[in-house]
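Model, not experiment: these values are computed from the prediction. All heavy atoms count here, side chains included; hydrogens, waters and symmetry mates do not. So that the names make sense, note that chain A is the first sequence line, chain B the second, and so on, each numbered from 1.
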4 protein chains.
Amino acid sequence: MKNNQRQLQKEQTRRKILDAAFSEFGARGIMATRMQDIAKAAGVSHGTVFAHFANYEAMITTVIEEFGGKMTLRTHELACDCREVRELLAAHLTSIMEFEDFYTRLVVEARLLPTAARDTFIMIQSAVSFHINQAAQREMDAGNIRAMPLALFFNTWMALIHYYLSNGYLFAPEGCVMKRYGGMLLEHFMGLARGDCGEKETAENA
Amino acid sequence: MKNNQRQLQKEQTRRKILDAAFSEFGARGIMATRMQDIAKAAGVSHGTVFAHFANYEAMITTVIEEFGGKMTLRTHELACDCREVRELLAAHLTSIMEFEDFYTRLVVEARLLPTAARDTFIMIQSAVSFHINQAAQREMDAGNIRAMPLALFFNTWMALIHYYLSNGYLFAPEGCVMKRYGGMLLEHFMGLARGDCGEKETAENA
Amino acid sequence: MKNNQRQLQKEQTRRKILDAAFSEFGARGIMATRMQDIAKAAGVSHGTVFAHFANYEAMITTVIEEFGGKMTLRTHELACDCREVRELLAAHLTSIMEFEDFYTRLVVEARLLPTAARDTFIMIQSAVSFHINQAAQREMDAGNIRAMPLALFFNTWMALIHYYLSNGYLFAPEGCVMKRYGGMLLEHFMGLARGDCGEKETAENA
Amino acid sequence: MKNNQRQLQKEQTRRKILDAAFSEFGARGIMATRMQDIAKAAGVSHGTVFAHFANYEAMITTVIEEFGGKMTLRTHELACDCREVRELLAAHLTSIMEFEDFYTRLVVEARLLPTAARDTFIMIQSAVSFHINQAAQREMDAGNIRAMPLALFFNTWMALIHYYLSNGYLFAPEGCVMKRYGGMLLEHFMGLARGDCGEKETAENA
DNA sequence: AATGAATGAGACTTCATTCAT
DNA sequence: AATGAATGAAGTCTCATTCAT
């Protein structure tokens with residue numbers, strides 16, 4: 001139908017806006033990005049953004065939801081083949097690295113975002129938590145990692161990741177903190193979790 | 001002399017403004033506090049704030065520097081009597097609890113603050129790090145805690161604390177996250193650090 | 001021919017738009033109705049309205065002209081069988097009641113409308129005035145109503161009607177002011193016009 | 001005190017804004033006047049208007065309240081010495097003539113104003129109604145005017161006045177409808193009210 | 001030194017109108 | 001002829017900063 005052509009056109013514009021917003025959010029920060037910035041980056045007029053999103057809040061919530069969906073999906077995908085916690089955490093790192101700039105902004109500004117947007121961020125974490133907790137429980141049962149409340153296990157991991165992302169400008173001023181520190185963080189965390197003074201790890205790998 | 005009188009007056013006003021700002025920052029958030037809010041809370045006129053601080057940025061930087069100094073000093077004080085890491089971390093928690101609202105805002109908004117303010121935040125952490133690292137090194141040498149890079153030891157601790165502060169609205173919606181979770185976090189972290197599967201801790205306490 | 005088919009189609013669309021506009025104007029108010037509202041109510045696209053009317057002003061002027069024609073026609077129809085002023089005024093009330101919502105909006109917003117639209121409103125009143133004045137003159141000559149300038153007779157009647165319509169939200173918050181007060185206003189006005197201290201009226205009705 | 005000087009300054013600015021608004025409202029219409037227009041007319045910056053009035057609605061409500069107070073006061077003053085309805089209505093006309101432009105805008109736009117502003121307009125009318133009804137009752141009792149519900153008496157008078165004001169552009173395109181038609185309307189209305197076919201009036205005046 | 005009224009740049013949002021399909 | 005996405009002018013409102021007193 002003719003509609004398809006228009007529909008496509010509109011969808012493309014929406015895409016352009018969302019992509020521009022995603023990119024601007026990553027580059028400038030979420031709350032520091034103005035509707036004008038997005039419009040300009042998307043190459044559309046100021047009013048067009050409002051033709052696609054009712055208001056500022058709806059716009060950023062949508063971007064975060066979109067991103068959240070993508071990230072959650074990616075996490076699920078990566079988690080599918082993972083039986084061990086270690087693999088899972090590695091997958092988690094991978095999925096973060098794919099969107100590091102944006103994800104970092106999310107971590108940094110989460111508390112300042114409109115509630116709807118913040119809730120979405122929480123849901124992303126819940127999805128991750130589900131997979132990780134499951135695997136962690138298994139390995140605790142198997143005695144591979146120290147017994148501890150699952151929540152603490154998960155929170156410690158998230159805390160480490162978020163800390164390094166938040167302070168990325170110190171650890172890796174050129175960006176890409178996870179590329180540089182991700183592996184190290186994973187080893188460190190696994191070491192702590194196993195409580196093996198780092199020996200076991202080596203032994204196991206041997 | 002009259003000059004002295006005036007000087008004193010001025011200093012008092014400055015004090016009122018700084019205290020008001022500190023309090024408002026804790027209550028409303030740093031970036032969410034307007035110059036007007038500070039002036040009103042200080043009981044001075046809007047313009048007076050600008051008589052003491054060149055601009056918004058200078059104002060918040062000064063407050064954070066002041067706070068940083070106070071917090072660092074407190075950390076030193078508390079650290080003085082501490083020989084063991086565990087005591088030191090407990091002291092760190094104590095000093096945070098004394099300023100929890102403001103410190104949390106700092107953690108949450110750090111990345112969005114003017115560079116000068118951010119740098120101050122970094123210095124606070126350096127002061128803490130100095131003491132903790134020293135003690136940690138001692139205990140690692142003594143074999144009380146697992147060997148690991150000092151930076152990782154410190155960062156893991158900070159990450160945990162900041163994670164709980166940042167997400168305080170989830171963990172303790174009524175506020176005072178550290179009062180509620182501080183002790184638990186300390187045990188958890190020490191457990192990880194000792195790598196003792198939680199056994200040693202119990203033994204020690206007995 | 002195909003041309004005829006198209007012409008017909010076009011005319012039908014135009015009809016839908018005009019009817020929708022009439023209805024929306026009555027419901028929301030004239031100036032408060034946006035082009036979008038009309039398009040949606042008509043079940044056509046936003047742009048279609050502009051294919052039929054050069055701009056907003058042309059659109060509302062046309063609606064009012066159309067309505068004016070209809071109302072004038074109706075007034076003539078109803079006036080045909082009326083010999084007495086009283087009957088005529090009753091007919092006037094009837095014709096107003098048929099379009100009360102829209103007519104009220106017209107009364108309320110007349111002064112704010114584009115000149116062309118306003119002129120149409122004046123013409124409606126002229127048509128009514130023609131009939132009423134004629135009958136009023138007859139009855140004044142016959143001594144049934146007090147002698148007074150015809151214009152004053154007419155204006156007083158219109159003033160009363162418009163006042164009650166304009167303030168309908170006070171007199172009859174549920175709407176339909178004329179259904180509720182029309183009869184009363186007619187009696188009141190006739191009483192004033194006859195100058196009979198209300199006696200005659202009662203006698204007549206008996 | 002020094003405060004007085006500033007207070008005065010501020011009050012003057014507020015006055016300038018209110019006067020400018022009053023004048024612009026009269027000239028352009030109330031809803032057609034933008035904050036910018038008022039600022040420009042008052043010779044102050046855009047932001048200054050918002051320093052004095054929280055928002056658009058507060059601004060126009062204040063102007064109408066101010067005006068309403070003035071008008072009500074004037075009505076009371078003029079009503080004080082009036083024993084007869086006729087004098088009272090004349091006084092009412094006088095008070096309207098003093099603010100004809102603005103009052104006409106109020107009449108014309110009343111239904112479209114924010115509720116608070118509209119309520120104020122209603123209160124103005126209530127004040128007038130109080131005096132008029134009182135006098136009318138007396139004269140009805142005395143048999144000087146026809147017996148009729150007070151509300152109808154009052155509404156008929158208001159209707160006439162508002163009708164002529166609303167349609168002033170037809171009756172007196174150069175403005176000042178009431179100066180030109182006020183006296184005539186008063187005679188006409190009194191004639192209707194007395195129900196004396198105009199004879200009594202002449203006799204009485206003789 | 002303190003005041004607080006005034007300023008104006010800048011952000012969001014609405015909606016009549018245009019135009020490519 | 002109909003569509004509806006895109007446009008951009010215009011309006012409200014906020015708040016850091018200035019400046020006369």
Who are the ring-ring contact (aromatic ring centres under 6.0 Å, His included) partners of C:Phe50, not counting sequence neighbours?
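If we apply the ring-ring contact (aromatic ring centres under 6.0 Å, His included) test to C:Phe50, skipping adjacent residues, there are no hits.
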Applying ring-ring contact (aromatic ring centres under 6.0 Å, His included), name anything that partners B:Phe22, two or more places apart in sequence or on another chain.
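Per chain and number, B:Phe22 pairs via ring-ring contact (aromatic ring centres under 6.0 Å, His included) with B:Phe67, B:Phe102.
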Could you check how far [atom1] of [X] sits from [atom2] of [N], rounded to whole Å?
| X | N | atom1 | atom2 | result |
| --- | --- | --- | --- | --- |
| C:Ile38 | E:dA16 | CD1 | P | 9 Å |
| B:Phe53 | E:dA1 | CZ | C1' | 14 Å |
| C:Asp37 | E:dA16 | CG | C1' | 13 Å |
| D:Gln7 | E:dT3 | CD | C1' | 12 Å |
| B:His52 | E:dA2 | NE2 | C1' | 8 Å |
| C:Ile60 | E:dT17 | CD1 | P | 11 Å |

Does any residue of residues 9-28 of chain D have a heavy atom under 4.0 Å from DNA chain E, and if so, which ones, in number order?
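Correct list: D:Lys10, D:Thr13.
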Qualifying residues under side-chain hydrogen bond (donor to acceptor under 3.5 Å, both in side chains), relative to B:Ser45, sequence neighbours excluded:
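For B:Ser45 the side-chain hydrogen bond (donor to acceptor under 3.5 Å, both in side chains) partners, ignoring immediate neighbours, are B:Thr48.
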Who are the side-chain contact (heavy atoms from CB on, under 4.5 Å) partners of [X], not counting sequence neighbours?
| X | answer |
| --- | --- |
| B:Met123 | none |
| A:Glu11 | A:Arg14 |
| A:Glu24 | A:Arg28, A:Thr33, A:Asp37, A:Ala41 |

Starting at the 5' end of nucleotides 8-14 of chain F, put B wherever the base has a protein heavy atom under 4.0 Å, S where only the sugar-phosphate does, and a dash everywhere else.
B--SBBB
Residues which pass salt bridge (charged side-chain N to carboxylate O under 4.0 Å, His left out) with B:Asp119, listed by chain and number, not counting sequence neighbours:
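Checked B:Asp119 against salt bridge (charged side-chain N to carboxylate O under 4.0 Å, His left out); zero matches.
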What stems, by residue range, does DNA chain E take part in, given at least 3 consecutive Watson-Crick or G-U pairs under 3.5 Å?
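Stems (3+ consecutive pairs) listed as E:2-21 with F:2-21.
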Restricting to non-hydrogen atoms, name the atom on A:Met59 and the atom on A:Ala21 that form the minimum distance, rounded to 0.1 Å.
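Scanning both residues, the minimum pair turns out to be CE-CB, 3.7 Å.
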Looking only at non-hydrogen atoms, find the nearest pair between A:Ile17 and A:Val49 and report the distance.
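Answer, listing the atom of A:Ile17 first, then A:Val49: CD1-CA, 4.0 Å.
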When you look at D:Phe25 and D:Ile38, which way does the side chain to side chain contact (heavy atoms under 4.5 Å, CB included) test go after all the steps?
CA-CA 9 Å; D:Phe25 285 169; D:Ile38 295 172; 4.1 Å; yes
Return each pair, listed once, that meets side chain to side chain donor-acceptor pair (under 3.5 Å) where at least one residue sits in residues 51-68 of chain B; pairs must be two or more places apart or across chains.
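Matches after skipping sequence neighbours: B:Arg15-B:Glu66.
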